[in-house]
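Labels below follow one simple rule: chain letters A, B, ... track the order of the sequence lines, proteins then strands, and each chain is numbered from 1.
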Amino acid sequence: MADDATEARRSALAGLDLGSRAGGAGGVLLGEGPAQESFVLRGPAADTAFAQAVEEVLGAGLPLEPGEVREVCEDALLIRLGPDEWRLMAPLSDDGRLAARVASGLAGGPGALVNVSSASTIIAVTGEHAADLLATGTGIDLDPAAFPPGRAVRTHIGNAQALVQRRAEDAFDLHVPRSYARSFWEWLEERGREFDAAVAL
Amino acid sequence: MAAMQRYSIFSLLRGALSGHRDWEPAWRAPEPKPSYDVVIVGGGGHGLATAYYLARNHGIANVAVLERGWIGGGNTGRNTTIVRSNYLLPENQRFYEHSLKLWEGLSRDLNYNVMFSPRGVINVFHTDAQRDYWLRRHNGMRYAGIDAELLTRADLARLVPALNLSPDIRHPIIGGVMQPRGGVARHDAVAWGYARAADALGVDIIQDCEVTGIDVEGGRVTRLQTSRGPIGAGRVGLAVAGHSSRLAEMAGVRLPIETHLLTATVSEPVKPFIDTVVSIAATHAYVSQTDKGEVLIGGSLDGYNSWSQRGSPARLEDILASASEYFPRVSRLRQLRHWAGVMDMSMDGSPIIAKLPVEGLAMTGGWCYGGFKATPASGWCLAWTLANDAPHTLNAPFSLERFRTGAVLDENGAGPVAWGH
Amino acid sequence: MLLIPCPFCGARDETEFAYGGDAGVERPTDPEAATDEAWTDYLCFHDNPKGPHRELWFHRDGCRRWLEVERDTWTHELGAVRLSRP
Amino acid sequence: MRRQPFRAAEGGHLIDRTEPLRFDFDGHRHEGYRGDSLASGLLAAGVRIVARSFKYHRPRGVWGFGPEEPNAMVTTGVREEARPNLKATEVPLSEGLEAFGQNAWPSVSWDLGGAAGLAGGLMPAGFYYKTFMAPARWWPALYEPLIRRMAGFGPAPSAPDDAFYAKRRIHADVLVAGGGPAGVAAALAAARAGARVVLADENVRFGGDLLRAPGEIDEGDGLDWIDTAVAELEAMSHVRLLRRATVAGYYDHNLLTVAERPGGEAPAGAPAARLWFVRARDVVIAAGAHERPLLFDGNDRPGVMSASAAGGYAHAYGVLAGRNAVVAGNNDSIYRVARLLRSAGVGIAAVADTRSGGDIRDLPCRAGGTVERVLGSRRVRGVLLRRADGRAGDKGERIACDLVAVSGGWSPAVHLHAQARGSLGYNEERGLILPDRPGGANRSAGAAAGRFDLDGCLAEGWTAGVAAAASSGHERPAGEPPRSPDRSAWEAPVFWQTGGGKRFVDLQYDVTAADVDLAAREGYRSVEHVKRYTALGMGTDQGKTSGMAGLVLLSEALGRPVARTGTTTFRPPYTPVPMAAMASGLIGEGRDALRRTAADDWHEARGALFTAAGLWRRPRYYPREGMDEEEAISAEVRETRAGVGIVDVGTLGKVDIQGRDAAAFLDLLYANRMSSLKTGRGRYGLMLREDGRVFDDGVVMRLGENHFYLTTTTAHQHEAMQHIELLLQTVWPELEVYATDVTEHWFAAALAGPGSRALLGRAAPELDLSDDAFPMMAVRAATVAGLSALVFRMSFSGELSYEIAVPADQGLALWTRLLTEGREDGLTPYGTEAMGTMRIEKGHVTHAEADGRTTPDDLGLGRMVRAEGPGIGKRSLELPALRRKGRQQLVGLSVIDGEARIPPGCQVVESDDMKPAPPLGHVTSFCYSPTLGRALALALVENGRARTGQTVYIASPMIDLSMAAEIVSPVFYDAQGTRLHG
Ligand SMILES: Cc1cc2nc3c(=O)[nH]c(=O)nc-3n(C[C@H](O)[C@H](O)[C@H](O)COP(=O)(O)OP(=O)(O)OC[C@H]3O[C@@H](n4cnc5c(N)ncnc54)[C@H](O)[C@@H]3O)c2cc1C
Ligand SMILES: NC(=O)c1ccc[n+]([C@@H]2O[C@H](COP(=O)([O-])OP(=O)(O)OC[C@H]3O[C@@H](n4cnc5c(N)ncnc54)[C@H](O)[C@@H]3O)[C@@H](O)[C@H]2O)c1
Ligand SMILES: Cc1cc2nc3c(=O)[nH]c(=O)nc-3n(C[C@H](O)[C@H](O)[C@H](O)COP(=O)(O)O)c2cc1C
Ligand SMILES: [Zn+2]
């Protein structure tokens, strides 16, 4: 029984059997995004030792604009979520190597790295009415001028807190807390009736 | 003082015959005198009741009620009118039960129909923990000599046919409790009825008279500064609800009270289909239908200090969603109007009816959501306190000192967070 | 519904925040040495002005920072907003 | 007879004559056209009595044209489908529509309730306050039911509204409320300047007043100009046009709600309504004005109508509101209406202008004349005209007619301005209440600002649009404002009334001028008192036509200027909004997500019955064949205590704490000491509120020098995080500590029971589980069932126990693999009931005991509070009332009768007679203990610890049940804790 984590992994949406719900193209498409490694990175932005330690490992400086998403090494992303908080995301295949390097880079100085890879479920909302669907449940300004593609924000949508990453004008990744994911999905589907929402696999 | 014109079906008949030309003013509009034995600040239900009981119970009739706007225009005029005595803490039980008893005879007492309607107040619950809490509370009421009943889902279905008892909703209702003697009353009539009865006993009700300062000399209150000039006062009672801390501050007293918004809303009026008052634990909404036909819905606080009397639409969405969820038929109606009141939220959720640390100054306040039902007893107790310069045993626990000693009366266990109660 | 300009996140609806009350309340630096009166002042006797108020808000659904917000409790007009700990 | 006897041969820009529609009113079949409103359809069909009035059941017809309609309230649909209180002016006609007049039985034309009118004399304003008082018991039995019978306008709903409703939250630079000439000009200016614009109008078509009467703009037809402008706006991607969309509420910081009822040409499947929340940088209020009535005897008769509405029915729908009209008013608009009616084919019997003079040779004018009284009882048959100056000897003139079109002038729609808390001013000269200082970033324009001429409305709208766009940084647009030759302003400085008779002010609530007068005489002198005493303005029209009349009458009665009387408060919504629209998206899980643990699917498949724990659901117990609930729970307990059980504890809050000052911070956060913990060890901790009451409890594990992991209760996950951040950011900002909520990342299951060591030993072969290597309250990283895990040795059940945490995405794998591995051990999954039973047997506290009122000492945990050092809440423990003797203390209650079961919600009392008496305390938690074979309870009892050994009663008077119990230690089972070692 000593198989590894990969086989043991299970989506929070598995119980919904999305496969059976898949449908044709509607005004908006809902799908589950691939699981990722995800880490909360904390530290004082103004502290040069901290900033350098991160830059050394990731090969790119800390993004400093609120919501800025920066591509760092090895397909990983670093997102600024708070004055002293970033989110580091890497493909699952990285298997914690990058994080381990960041953690050892931080050792001894200020800052902290916390694994939250399992904490959220990623739901992709795409299509002509993607922003309209989100606008049924969040008060943030989704106009591309205010929230351009390539940015991310944390906010509240519908019944859950979500980290919203805008990939394109009509494509969003919503990172929602795992325990909320099913309810949130169902809320999206229900609100999506207005846009003829369909499930994309 | 001229005898009060009695109201009855016969007086109405006489009125009809004379084209209703002979009705006297329900209360006079006197000019303020230079001074009074007692001045009550605040012409809401509480202030007017205080004046009435001062005159009736204690024979102190040289009394003025100063109201900055129009009487009954504060929370008395904007509340969901629920009257009950189903409290948890014994101190509150005793006080509110005294109030309920006064309600039961109030229309005749005042010769003004306040339409107290003991149609039953029901609380429904959804979880075992809530069940345990509500049953404990109602069992406790029984030991305090207060009526309380347990309701099964079948009872609920019978008493409240419009209630959603489906097991398939997010927080299904598993049962309820009821205080059958609880109910609602016609809020405006309470202010008017007390005003008329107090006026008949000689009390001056002075509207458009804002108190702007409280003069204290040698540790004793002497005079009030008002928008209509200074008015001398032997004793002063504050009954200004959401404005309590402002008025107390005028006398240099700080209060453990914050002012917060509470929203209420009505639907368009329709024929009666909800005959009781129902409070829903899961979503904090309370629903009843008035005698004019509106469905009347209240919820919880907006949650931040405010004096604006304009509630947040977020809270409104919330309370309408819960009303529609638990009374699905309500979803077919339309919302007619909503408004908010400024609540005097105390730090433990219980009131303060007490002498303040200035000679001759006493107050009633800290009513949070629940002061309408308290109106008779609050006035009764404040009148006693002012007349005797000492609290009655009913209001002795509602002191200001309790916040200094830690002997708080935390009805909800929420701690010293004004908006948590 | 208030629109609170979070210095980090930008303007957000009030529903993203949790309220924290009077920002002027000072916790006695040495509670054990504080008199009952000083301690209960801190616990229970807070400012409640009708007008400008300095208050705390937690940006729960955003940057998770506590903000100090100046707000008029009568008009709800906002003044300066800053991070409680920059 | 023709199907639409009152339809003109031509005209009607809103209707499509090629598409006739059939509809039913009060059971009679009628015909109208697509584009009709129910009101225009009824008028076209010749139906004049549309409803009965509330109090006196007087017949009522259509008065207005839009949302101001006070009279023509109908119910559409039958039984479950019924929708009460709709204004016929706002209901679009559709094929097969069924509508009913209200307040009447059996129908509006034959209403038995009409008898109520006979008793009218007994029902002046406020009559119910004066009677029904004796005998008191008759109130609930007789009087109130009687009053409730009269209550309400329409039928009570008998079913929910199951239609789909939508919501949308958007941002805009400029929201324009109202799409008449002013609004369209404003939108055009702002949009051309580049601003993001939302233009909303409640009608199907933009145009505002131009829908009701033609006007000229830029040398062409006004509506054509509107259409061209709208087309230009429609083509701009930064503009959103909302039709049939009412700006309903104006809230803080320029958030406005807009209720859109797509209807009409909306695609199939469109929501029944959509509620927009528009956060606008600036707002242009171009909401127009409402026409005022005239007060005269019988002014409520069907056939008396707002003049602009009468004209509007002709112009917009080609409908004649009568054949023979008297047009009466106090301003120039009556001539426009008279000509409009005449050209549509209505005979004009007279035009009565209260003013003298006028140039109107083509019309049968009665200069200086006015309506004294309406003739006819069920509908207008004529009027009695008199000289307006009341000259003596004037016997008046009877004129036969079936329509009385009246105009008492115009009241600007200041509602939104006032909702935004803008101030209002009364212009004595013009007799108008006008917007004064705005209460937010908004500006009123056009008729809403008292600008009545078309040219002025256009100019003002344009200017407002430019200014509104400027507040979001947009520069003045190119181009000029549109112009109109129409500069006529129908000023009507006098509020017009004639004395005597039944003059209705509020048609909906049957409030007459005499009622207002009576209220004033009885001392209800504030305008707010009059409103509440008479119900004036409290109806579904919120006084749009009656408000001004009420003010004037009251001011006259009191002999004071209108400016001093003031208005009542304007509140949202502007017109009623469907509850279902407000509620949409927020019902059920849409409001409160259902949180599921990683093993939830397994529990469900296993048939677990769930219980709510905050938003989470947790298995309550797993039902078993042939066993009732108590037996199944008891089996779970017994099997765990005898062998090994497993429980899902994934819902506990979990926090990762790191940083140089982590240990120091935890000493402040908890009442007991954490800094002395060794790495790899943990401790049970108590968090207090600042008022000294127990806030939360949990376990703190030290994972490294500066790294801790702590748990909170399920209920306080979010509050605890908020509390921690508050302390870190506001109280001790100098501390370097990072707290991260990791609740969602970890799943956890606890293995409990003497068999847990053997089972875990097989699942985690590398782990040394001996007491020495892995003592109580220790934490180890290990591979468990093939998964990287953290293992804590701690116990809630009192048995040897391990909690195993893995990342949540592997939680189900951990759970199922342990169950598979544990098959040979007889591993029993147990739920919250068994868990609760075991914790009660051990006297562990939860929120039932730590209910926000109890101190550590009350709960018997006083020793946990360390004596020295600062810490949250500790100071409060020194307050006299918290140290007072005689507080309630936690005790155990052992029920003496082994067969007895404790019902929920019991009190603890000294006697079993159920007579009123102060209870000693109350039961906080209770269970049947299969371990001890009796019912047990934890209770808070006054001076409880000193009462150990006493017999008391556990009682529930509501079900008339009590039982004797002995006060014992709250630790009922294994007080020495030997079982913790297996
Ligand atoms: C939406 C809502 C729902 C509620 N629901 C319920 C319920 O269902 N049941 C219940 O029991 N309670 C309820 N309450 C609470 C209840 O309404 C109040 O506690 C109660 O009405 C307070 O009465 P009062 O006379 O103390 O205050 P008010 O009626 O507010 O009277 C105080 C008066 O003081 C006047 N005043 C203030 N400052 C001055 C000054 N400087 N000079 C002169 N006069 C001044 C004010 O103008 C006001 O008229 C509710 C409250 C609200 C807002
Ligand atoms: N000559 C006069 O004295 C006189 C008097 C009154 C009106 N008028 C004419 O009326 C017109 C006034 O133009 P205007 O643009 O100011 O007003 P308008 O009446 O033409 O347009 C206002 C529009 O706003 C809509 N509306 C009102 N409140 C709304 C809300 N809350 N939500 C959505 N829509 C709402 C109304 O239905 C209407 O369509 C001009 O044509 C003017 O000549 C003339
Ligand atoms: C029990 C109750 C019933 C009400 N019913 C109505 C109603 O039928 N129609 C209405 O317009 N307002 C109704 N209101 C609201 C009042 O009009 C008013 O909004 C409220 O008293 C607050 O006052 P304000 O809006 O003047 O600030 C009701 C208020 C209460 C407390
Ligand atoms: Zn923020």
### Message
Taking atom CG as the centre, does D75(A) end up with more than 12 heavy-atom neighbours from other residues, nucleotides or ligands that are less than 6.0 angstrom away?
### Response
no

#### Entry: pair D61(C)-R154(A): side-chain heavy atoms closer than 4.5 Å
no

### Task
Name, in order of residue number, those residues of residues 74-85 of chain C that have a heavy atom at a distance of less than 4.5 Å from a heavy atom in chain A; otherwise write 'none'.
L83(C), R85(C)

### Message
Can you confirm whether I140(A) sits close enough to E16(C) that some side-chain heavy atom of one is under 4.5 Å from a side-chain heavy atom of the other?
### Response
yes

### Query
Looking at L81(A), T155(A), D84(A), D141(A), which one has more heavy-atom pairs under 4.5 Å with chain C than the rest?
T155(A)

### Summary
Tightest non-hydrogen contact, residues P83(A) and C63(C), listed as CD-CB, 4.0 Å

### Query
For chain A, which residues from residues 25-60 of chain C have at least one heavy atom closer than 4.5 Å to it?
R60(C)

